[in-house]
> 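Supplied in structure tokens, the structure appears directly below.
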Amino acid sequence: MKQTEIIMLALFSLFTVTMAQAQEVTRRPSAQEIVERLTPPPETYHVRSIQPRSISAKGVTVEGRKTTVEDSPSIDLDVNFEYNSDKLTADARLMLDNLGSALTDPSLKDSHFLLAGHTDASGGDAYNLALSKRRAQAVADYLTSQYGVEAARLKVEGYGRNKLLDLANPNSAMNRRVQVVNLGQ
């Protein structure tokens, strides 16, 4: 093998390993990464001049709290369940341990969260809606029992296959997830 071929092969191998590690970090965020993703940005203040009838006054306008789920800080977690079930796998409990640690972090301890269950497109609409809600409830139950997260801080929803992440591949595992959204205080 020529030296340039060896170098190209080494660079390709390094790139492949780096990409796999980056995907793993995204799929399995640490408690700190979850805290960072769920922490809302600081409130924004705008100062503007008001000049009614040549009297100069300074006013402060405060942007209100975000009111839509789409605008709120969120993270999609790869939480695995047994097939056709709401029973958490050992792998799921490891992921939820990171989430539990994050939700009990001082910076998030006063926030309320939406736990939104999602499925892929296999199966019927009604079945997927019910399954996704049962799965989100299983996550909430785990967080309350294992981490003492107050049930009143958690809202559970099931979206079934209505909000697919990968529209091109509706049966992709990427679509089976639990989305955590910070709803504020």
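Reckoned from all heavy atoms, side chains included, excluding hydrogens, waters and symmetry mates.
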> Answer yes if Val156 and Leu38 sit in the same cluster of Ile, Leu, Val, Met, Phe, Trp and Tyr residues linked by side chain heavy atoms under 4.5 Å apart, and no otherwise.
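Different hydrophobic clusters.
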> Any side-chain heavy atom of Pro29 sitting closer than 4.5 Å to one from Leu77?
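Answer yes - side chains close enough.
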> Between Arg134, Arg135, Lys133, which is the residue that forms a salt bridge (charged side-chain N to carboxylate O under 4.0 Å, His left out) with Asp86?
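Answer to the salt bridge (charged side-chain N to carboxylate O under 4.0 Å, His left out) test with Asp86 among Arg134, Arg135, Lys133: Arg134.
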> Would you kindly say whether Asn175 and Asp166 are connected by a side-chain donor-acceptor distance under 3.5 Å?
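Asp166 and Asn175 do not have a side-chain donor-acceptor pair below 3.5 Å.
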> Checking side-chain polar atoms at under 3.5 Å, does Asp91 have a donor or acceptor matched by the opposite partner on Thr89?
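Note: Asp91 and Thr89 side chains miss the donor-acceptor criterion.
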> Taking only residues two or more places apart in sequence, or in another chain, which ones meet Leu129 in a side-chain contact (heavy atoms from CB on, under 4.5 Å)?
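Scan of Leu129 (side-chain contact (heavy atoms from CB on, under 4.5 Å), adjacent residues dropped) gives Asn162.
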> Side chains of Tyr147 and Asp97: donor-acceptor distance under 3.5 Å anywhere?
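A pair is found: one side chain offers a donor N or O, the other an acceptor, under 3.5 Å apart.
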> Distance check, rounded to the nearest 0.5 Å: Asn98 atom CG versus Gln32 atom CD?
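Asn98 CG to Gln32 CD: 11.0 Å, rounded to 0.5 Å.
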> Using a 4.5 Å cut-off between side-chain heavy atoms of Ile, Leu, Val, Met, Phe, Trp and Tyr, which other residues end up in the same hydrophobic cluster as Leu131?
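Hydrophobic cluster check, Leu131: joined to Tyr127.
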> Any side-chain heavy atom of Val149 within less than 4.5 Å of one from Phe113?
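In short, these two side chains do not touch, never coming nearer than 4.5 Å.
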> Linking I/L/V/M/F/W/Y whenever any side-chain heavy atoms sit under 4.5 Å apart, do Leu154 and Phe81 land together?
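The answer is yes; both residues are in one hydrophobic cluster.
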> Check whether any side-chain heavy atom of Leu115 sits under 4.5 Å from a side-chain heavy atom of Leu143, and report yes or no.
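SC-SC contact between Leu115 and Leu143 confirmed.
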> For the CD atom of Gln179 and the CD atom of Glu157, what is their distance to the nearest 0.5 Å?
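CD of Glu157 is found 11.0 Å from CD of Gln179.
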> How far does OG of Ser30 sit from CD of Glu33, to the nearest 0.5 angstrom?
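Between Ser30 OG and Glu33 CD, I get 3.5 Å after rounding to 0.5 Å.
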> Measure the CZ-OG1 distance between Arg153 and Thr104 for me, rounded to the nearest 0.5 Å.
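The CZ atom of Arg153 sits 8.0 Å away from the OG1 atom of Thr104.
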> Which is it for Ser107 and Asp105 under the side chain to side chain donor-acceptor pair (under 3.5 Å) test, yes or no, and what are the steps along the way?
CA-CA 5 Å; Ser107 63; Asp105 184 272; 2.6 Å; yes
> Could you tell me whether Asp76 and Arg177 have a side-chain N and a carboxylate O separated by less than 4.0 Å?
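Yes.
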> Can you list every pair that meets ring-ring contact (aromatic ring centres under 6.0 Å, His included) and has a residue in residues 161-185, with sequence neighbours left out?
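Matches after skipping sequence neighbours: none remain.
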> Is atom CD of Glu150 surrounded by more than 12 heavy atoms (other residues, nucleotides or ligands) closer than 6.0 Å?
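Atom CD in Glu150 is not crowded, with 12 or fewer foreign heavy atoms closer than 6.0 Å.
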> In terms of hydrophobic clusters joined by side-chain contacts under 4.5 Å, are Leu114 and Leu164 together?
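They do not share one cluster, since no chain of ILVMFWY contacts under 4.5 Å joins Leu114 to Leu164.
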> Identify whether the distance between the nearest side-chain nitrogen and carboxylate oxygen of Asp120 and Arg161 falls below 4.0 Å.
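Result for this pair is no, no salt bridge flagged.
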